[in-house]
Amino acid sequence: MGGERENPLVIDEALFLCHSSISKHGLREEEVAATSDCVGTHSRDYTGSKLETKTRQTTVDSEKLFGVKLKYLPRSVAHPAANVTLHTPDGRNIIIIIIIISAHATAPKRGYALYVHIEMSTQEKLISHVMKEEPVGCRNKVTVVGVGMVGMASAVSVLLKDLCDELALVDVMEDKLKGEAMDLQHGALFLKTHKIVADKDYSVTANSKVVVVTAGARQQEGESRLNLVQRNVNIFKFIIPNIVKYSPNCILLVVSNPVDILTYVAWKLSGFPRHRVIGSGTNLDSARFRHLMGEKFHLHPASCHGWIIGEHGDSSVAVWSGVNIAGVSLQNLNPKMGADGDSENWKDVHKKVVDGAYEVIKLKGYTSWAIGMSVADLVESIMKNLHKVHPVSTLVQGMHGVKDEVFLSIPCVLGNSGLTDVIHMTLKPEEETQLVKSAETLWGVQKELTLLFILLKEPIAMPPVIRSPSLDMFDANKTSIEKSNNRSRPRKPSTVVIHNSMSTSMGSSCFHKQAEPGTSAGEATYHPGNFRTQR
Amino acid sequence: MAQGEEERGDLCSSQAPPSGPESHVIYAAAAAAAATAAHRDTCLDFLDCTATTVGSVVDAALKEAHLRYPHQSAMLITWWYLYLAARSVAEQTLRMASVLQKLITPLFTGTPEPPRNKVTVVGVGQVGMACAVSILLRELADELALVDVLEDKLKGEMMDLQHGSLFLKTPKIVADKDYSITANSRIVVVTAGVRQQEGESRLNLVQRNVNIYKRIVPQIVRYSPDCTIIVVSNPVDILTYVTWKLSGLPKHRVIGSGTNLDSARFRFLMADKLGIHSSSFNGWILGEHGDTSVPVWSGTNVAGVNLQTLNPNIGTDFDEENWKETHKMVVDSAYEVIKLKGYTNWAIGLSVADLTESLIRNMNRIHPVSTMVQGMYGISDEVYLSLPCVLNSGGVASVVNMTLTDEEVAQLQASANALWDIQRDLRDI
């Protein structure tokens, strides 16, 4: 209302009205209507009346408040001079005297006195908020997407290492998510992370520094990591854009398997520069290798150095020339190391690393603790800007003879900008061949993915994927809709071209989407179910 | 006799260089034969034995033996060779390993020191593993032992933790069904037992868990007679009593995790309402870990400012701000988390690690844990309830006498009676 109208009940931002004290203290109540600005932070329902706070203005329901029927008077009433506030001696209670003068044109001037004794809440008595600005919020926020075993192990490892000041958890299973968040919050006394939030909606992940993506299907017993590809790509198509929307400057750390392919997918889907998309890669394999090495020599793994690079999986490469303890190269002492004639059978050590995951899965159903600790190790290097070297998955195109756009693990320097540098290892020819071979295998799988994320940025009107792979794909005269409508020919695997400005040639696919009879041409309907039926 | 002849026959007929796991035996046999031969002044130098000559060496040596010692003493010779083989396997292994053992010169070759801060976790379910991981990541132990009856799961969990040993400062993680690996533990955390289903009260689990404990506790004490036992399984107060009885340990070395977790939850919820960190809010919940825990409102304070002075009705039904609701949320929180995710583990794991830290590091910190309260607050039965206890490496060093209102004392006594009613009926402990 009028700018000069005094606000009778605003004393201090932390006040709110306590209804009970009015009757309790037997104050004089007179007929009055009051529109008051009461800046309260709580709305409480007491004796049936509710004080609603809308921004800074509150209309007090005087009838309920005073128990007396009152006439409503127009608002231009409060006389500035008549508003007096007094504090009780202990500073904790406030008495306000309001005299409101009616300015109604026809009615005679009447004054109303209202004494309101305001009792502060325990919180307000204890704590006075002195900061006028908005709170700064979080500076070192970590998000974990997926609250399965790996996600929770990563979350707990990050919390126990005091790496973040806020932790956000996201998942699709709401109950499990809420339960996990509550469980972690109950341990807040023992942790140094003040805020742990969780929601299905990605808005809770806003402003994260690092986002750890563990969501996705996991390997069953005996299943290879590559089998999980398509299922996890579909899940990523939903997750990654949401992450990017709320944390456009974050560093993505991909853990879900097959990690090298999914890091590539995350890179493509997010549009991030390559230094901000990291795959957890062979950090864990190297840790397993160093553990086994430590057992062999009765030393702590931290003193045994060995690097496993390449694919995180069956075709990882152990760089024997780099294996050393206190700088003494073990290959110099045992030239046959890693070869078949090796009496110490180091090749078996590497095999145990590769099989390690399968064995743990066979015994307990999944692996969690080791990968959780490995993730926390990487997050630590990033958050604390350590510039430590870790074997993580990054784009290796152009290195070691790899020509394809694939992600493989090589030693990289991690800091708070992300993956800033890579270490160029001196590899033997056979090790380089292995890397190139891994790259080719990965590229073979990547090619077959329906890389529709390219099209996420395009209008859906473009016919995305193949309905009938046939030679008319190459016929420039036919429109794409005609081509995709041509379902009369029998389907056979063949090269397929996507007609859009960023056309990419796709390898022959057993993953291409089968047309559903009812769908219109050019509609992109990607239901995960379609892909599962392909298997 | 016949078997020995067969063996010899096999060895003698092999012409290709032996490989694979049996090669050690062959090499050893060869070494043994060669040693014997060398002893008899033949020209073979067994240090230069290579795979290709082994077959011929074995042939030669055994043929010679057969010629020299036919029929009945052939068996004796086989046994002699086996003895030499065993000795040679040891030498051979050392010789092969010494290529890399050239790297390391041991200075001390006696028996290794026993661990000083060994922690055992009994039960590798969700709670047990959460306790184990919290203890590992807090760097409290120099050895961790895991025990359970499910062998596969146990081995899998041990391997998973071992794979992370690069990131940890606990060099030895062992696991076995047999309790002998728990020997010389300082702290034993017992999480074994059945857990509450949705909606189930903790007291329902009693007899089932008592039976499990009858198997576990004597074994623990047998191998670690000087340990301190932390009991976590529910109902924790009754099971701490049971453990005390079964173990024969003095009462200050059997602790129940008690209301350490309830107090942590309480402090979190209250502090969250006030906008401060949990550690800056002080408040204690005592008594039974469960539905009848007692929040001591007179002790709640922030920076020494007593909340009850600010709000004399705090915690009562007349309180307009309804702080009592917070305590109710604490009691219900376990049930709520169980309803949402099926079990609780992270909070209890962190709570146990907190207790373990006070015990191992001899901190003399005060925690609300379950201890023997007979003789305090007018309780005459042998029951365990949570009171503020000073924990150090000896266990419970002392108990803080909190000033409780009559009502709070009455609540404690009621809990004690309820617990004693159940404990009375337990058999065979």
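Side-chain atoms are counted along with the backbone in the values below, which use heavy atoms only and exclude waters and symmetry mates. Here is how names work: the chains are called A, B, and so on, in the same order as the sequence lines, proteins then strands, and each is numbered from 1. All values reported here derive from a predicted model rather than from experimental measurement.
- Heavy atoms of B/Q126 lying under 4.5 Å from chain A belong exclusively to its side chain.
- Here the CZ-CZ distance, from B/R138 to A/F190, works out to 9.0 Å after rounding to the nearest 0.5 Å.
- With a 4.5 angstrom heavy-atom cutoff, A/S303 does not touch chain B via any of its atoms.
- Around CE of B/M363, the count of heavy atoms belonging to other residues, nucleotides or ligands within 6.0 Å exceeds 12.
- For a residue to count as touching a neighbouring chain, one of its non-hydrogen atoms must lie under 4.5 Å from one of that chain's; by this rule B/N345 touches chain A with backbone and side chain alike.
- Per-residue counts of heavy-atom pairs under 4.5 Å with chain B were compared for A/H194, A/E180, A/K176, A/M182; the largest is that of A/E180.
- Between chain B and the options A/C304, A/P301, A/G365, A/A181, the largest number of non-hydrogen pairs under 4.5 Å is found for A/P301.
- Contact of the A/M373 side chain with the B/L161 side chain is registered, since non-hydrogen atoms from C-beta on lie closer than 4.5 Å.
- Contact of A/E174 with chain B is not made at all, since no heavy-atom distance falls under 4.5 Å.
- If you measure heavy-atom distances from B/S280 to chain A, you find no contacts under 4.5 Å at all.
- A/D183 contributes no side-chain N or O that, together with a main-chain N or O of B/T344, makes up a donor-acceptor pair within less than 3.5 Å.
- A/L363 has its side chain within reach of B/M159: a pair of non-hydrogen atoms, C-beta onward, lies under 4.5 Å apart.
- Interface residue A/L191: backbone and side-chain heavy atoms are both found under 4.5 Å from chain B.
- The side-chain heavy atoms of A/L299 and B/I104, taken from C-beta on, include a pair separated by under 4.5 Å.
- By the 4.5 Å heavy-atom criterion applied to side chains, A/H300 and B/K169 are not counted as neighbours.
- Rounded to the nearest 0.5 angstrom, A/R288 CZ and B/H163 NE2 are separated by 5.0 Å.
- Between B/F268 and A/H186, the ring-plane angle classifies as perpendicular under the 30° and 60° cut-offs.
- Of the possible donor and acceptor atoms, none in the side chain of B/Q162 sits under 3.5 Å from a partner among the backbone N and O of A/H291.
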Side chain to side chain contact (heavy atoms under 4.5 Å, CB included) between B/F167 and A/V375, worked out: CA-CA 10 Å; B/F167 311 112; A/V375 162; over 6 Å; no
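- Looking at A/M173, there are no atoms closer than 4.5 Å to chain B (heavy atoms on both sides), in backbone or side chain.
- When heavy atoms are compared at a cutoff of 4.5 Å, A/M149 approaches chain B solely by way of its side chain, counted from C-beta outward.
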